[in-house]
Amino acid sequence: MKKLIAGNWKMNGSLAANDALVRELVRGLDGNAGCTVAVCVPAPYLAQVQALRAGTPLELGAQDVSEQAEGAYTGEVSAAMLKEFGVRYVIIGHSERRQYHGETDAVVADKTKAALAAGITPIVCVGETLVQRDAGRTVDIVKRQMAAVIHTNGHCISEIVVAYEPVWAIGTGKTASPDEVQQVHAVLRAQLKAATSHADRVRILYGGSMNAANAASLLAQPDIDGGLIGGASLKAPDFLQIVRAAR
Ligand code: 13P
């Protein structure tokens with residue numbers, strides 16, 4: 001299975017900065033990257049990055065999608081709209097959306113369904129907080145988050161990407177150790193196996209302070225199939241080094 005390295009720009013960027021970053025990424029990818037590489041950009045920049053990446057191996061992603069198809073949902077963006085801009089991946093249920101926008105497991109499951117229906121691959125995020133980890137509840141939490149998505153999407157679950165992002169490791173410089181991450185990924189893999197006979201082709205990414213220095217050891221684990229990169233995806237040399245570690 002080809003690994004997936006996806007950048008999550010979060011609410012960062014400008015027309016000028018995106019132009020420079022994407023051009024440098026495309027130059028660095030230089031033909032075939034040996035792994036799949038995507039950038040998940042703020043919605044207003046989809047058209048810009050769609051044009052910049054045209055004819056290159058860099059894939060385009062978004063950071064959220066509405067669970068609704070269309071209508072009176074001010075501020076929302078539908079999966080069909082994303083599709084029109086060549087979006088191949090969409091991050092769903094990022095902890096920042098769960099925390100600041102009250103996204104529940106049920107909403108995350110419905111958004112996953114909307115993306116799949118439009119032919120966009122959802123990158124479904126799960127992960128525990130520090131309090132939950134310290135209470136020994138990591139496995140319970142990620143399994144509960146995953147179960148909601150499986151329940152709503154049935155056998156289509158084989159078409160998703162999962163991102164395990166421990167909340168305490170996001171933007172903090174703290175990473176879970178490769179062994180700790182592998183243990184959680186193995187739990188998720190087993191849960192997927194119980195739901196689909198194609199669980200082996202579901203990519204399970206790690207996210208949380210992944211960087212040029214720690215990427216190789218994380219990506220060497222059997223069930224770590226790529227990374228969802230925040231801060232380091234805004235610096236082309238760092239992001240490209242992570243991509244090289246995934247080849
Ligand atoms: P950082 O890589 O900045 O810790 O962010 C991780 C993340 O939230 C990716 O979605």
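Just so you know, these numbers use all the heavy atoms, side chains as well, and skip hydrogens, waters and symmetry mates. Start at 1 and go down the list; that is how both ligands and their atoms are numbered.
Polar contact check, Glu96 against ligand 1: no nitrogen or oxygen pair lies under 3.5 Å apart. Taking any N or O of Gly231, backbone or side chain, at least one lies under 3.5 Å from an N or O belonging to ligand 1. Considering backbone and side-chain atoms together, His94 places an N or O closer than 3.5 Å to an N or O of ligand 1. Checked against a 3.5 angstrom limit, the closest N/O atoms of Ile170 and ligand 1 fall outside it. The shortest N/O to N/O separation between Gly171 and ligand 1 falls below 3.5 Å.
Note: Asn153 CG to Glu159 CD = 11.0 Å, rounded to the nearest 0.5 Å.
Here Glu180 pairs with Arg133 in a salt bridge; the nearest charged N to carboxylate O distance falls below 4.0 Å.
Gln50 contributes a side-chain N or O that, together with a main-chain N or O of Phe85, makes up a donor-acceptor pair within less than 3.5 Å. A side-chain donor-acceptor contact under 3.5 Å links Ser209 to the backbone of Ala169.
Close contacts of ligand 1 with Gly208, meaning ligand atoms under 4.0 Å from a residue heavy atom, involve 4 (O), 6 (C). Close contacts of ligand 1 with Ser209, meaning ligand atoms under 4.0 Å from a residue heavy atom, involve 1 (P), 2 (O), 4 (O). Against a heavy-atom cut-off of under 4.0 Å, Gly230 is close to the following atoms of ligand 1: 1 (P), 2 (O), 3 (O), 5 (O), 6 (C), 9 (C).
The 12-atom threshold is exceeded at CZ of Arg201, counting heavy atoms of other residues, nucleotides or ligands nearer than 6.0 Å. Counting non-hydrogen atoms of other residues, nucleotides and ligands closer than 6.0 Å to NZ of Lys113 gives a total of 12 or fewer.
Distances from atom 7 (C) of ligand 1 to the heavy atoms of Gln63, Met210, Glu165 put Glu165 nearest.
Counted by atom type alone, Gln63 and His94 present zero donor-acceptor pairs between their side chains at under 3.5 Å.
Residue contacts with ligand 1 for Leu228 involve both N, CA, C or O and side-chain atoms from C-beta outward (heavy atoms, distance under 4.0 Å).
Using the six-membered ring where Trp is involved, His185 and Tyr164 have ring planes that are perpendicular, over 60° apart on the 30 and 60° scheme.
Contact annotation: Ala169 has at least one heavy atom less than 4.0 Å from an atom of ligand 1.
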